[in-house]
Amino acid sequence: MTILLSTLNARYTHASLGLRYLLANMGELREQTRIQEFVIGAKTTELVERILAHEPTIVGFGVYIWNVEETTKLVATLKQVAPHLVIVLGGPEISHETNGQQIVQLADYAVTGWGDVTFPKLCADILHGPKPLMKVHAGVQPPMADIALPYALYSDDDIAHRTLYVEASRGCPFKCEFCLSALDKTAWPFDIDAFLAEMESLHARGARLFKFVDRTFNLNIKTSLKIMQFFLDKLAANPDDPVYAHFELVPDHLPDALKEGIAKFPPGALQFEIGIQSFNPVVQANISRKQDNDKAAANIRWLCDHSNVHMHVDLIAGLPGETVESFAAGFDKLWALGPHEIQFGILKRLRGTPIIRHTQAFGLVFDPHPPYTILANRDIPFPAMQRLVRFARYWDVVANSGRFTHVTPVLLGEQPFANFMAFSDWLYANTDATHRIALDRLAALVGKYLQQQGMPGVAALLARDGHGVKQKASHAGQVAAPQRQARHLAA
Ligand code: SF4
């Protein structure tokens, strides 16, 4: 075997779509190419041993924000142990600002952007000459029809145990400045019939969980409807054999035809990830995000009230011009709309994104280490940003975890952001930790906090969430679950 394609996935369940695209497009080199995936957190020397066991001539690494540090160590060690090995890098983390990056200095070559045709050509040149002169090769974007689809490369084991990532299109026409897709300027669709034929064979092989990585599923409604119809047909053919699809949507574009299709899905079949990011029009203008807030809010409300979609809605704290107060107002507004989860993200400076044009004017200070999280800005000093970071962490383990569905609305009351921030500050003061708080202990702490706030019926509330916290007062059943929870529980 000559070429090894490798990456460190964030979890075992995440099967790398990028590596499978490369393998599918290796042409004459395909027979000499293999994939070896790893998971972050493994010992570097063990990875080196496993890579060298393949006796490859070339190793291609997919480099992402979650693995760049470990991959840098891996490349450094490989170059020590096997200096003859040719190392080629690809992926978003090395597609921009390559100059001065340690991992690029250590490797032999890097392919920026699309690797589907450039990587195989580079490998052919390395193996058969002429020896490539340049270290960094800008990926050539071929016509979409020339890209071989990779789905047959998902193994039976992948289908049985891992999330299957699929894409009906690449790119995004919007220009949100914090996002790498802002550089695309448009979206390029794959041939929808060829794509659906691949989905058909995946389904026939037993795939039931499809995660679409398309940046905007609802861009071309005709295509969205065709894809949804594919899943509706599967569900209709065998209602006892559920199938599950995950899509990313822009929130202010939900024409009636799409609503009609969405409304036909039973519970548990559809999950939407919807980016709001900020409800603040000034911030939206600062980051070049075009969003009709009224339409977006109305559509989220419609989805909550008239569909069975499980909804994650994204907000980002730390954007230029967003104060804690304006973020809080957006958070409260979103909570009132009733999505199942609010994904509370903290701004990150992804390599290549145009957000850095605001660095001076808004005093943006980013952590120089991955994932390059914002530490402070003109409107949110470091200590306040740290409070937001803790809020986000606790929000995940309490509100988004699904383990406190009865407790959360009570904890949030009439002022969701302010009340959860008070809880977050209290929790941190009482634990000194944001990670590894055992569930039993967390439930006990939540109970203690609510009791201190004079909340009646805490034990009963926690019991409804499955936590057996001993409390002095017992007002079982007195605190009714607000309407919103019914949706949480039904989903
Ligand atoms: S945030 Fe979403 S809509 Fe905006 S550029 Fe990125 S992918 Fe496109």
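Counting convention: from 1, in listed order, for ligands and their atoms alike. Side chains are part of it too, since the values below use all heavy atoms of this structure and drop only hydrogens, waters and symmetry mates.
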Aromatic ring centroids of Y372 and F366 under 6.0 Å? no
Taking atom 6 (Fe) of ligand 1 as the centre, count the protein N/O/S atoms lying under 2.8 Å from it. 1
Inspect the contact between K211 and E273 and indicate whether a charged nitrogen and a carboxylate oxygen are less than 4.0 angstrom apart. no
For Y394 and Y428, I'd like to know if the aromatic rings sit close, meaning centre-to-centre distance below 6.0 Å. no
Hey, is E167 close enough to R215 for a salt bridge, meaning N to O under 4.0 Å? no
Pi-cation contact, Y12 with R162 (under 6.0 Å, within 45°): yes
Can you list the atoms of ligand 1 that are under 4.0 Å from a heavy atom of R289? 1 (S), 4 (Fe)
Can E248 be said to touch ligand 1, with heavy atoms closer than 4.0 Å? no
When you measure from the centre of the six-membered ring of Y21, is the NZ or CZ of R170 closer than 6.0 Å and no more than 45° off the axis? yes
Salt bridge D367-K348, side-chain N to carboxylate O under 4.0 Å: no
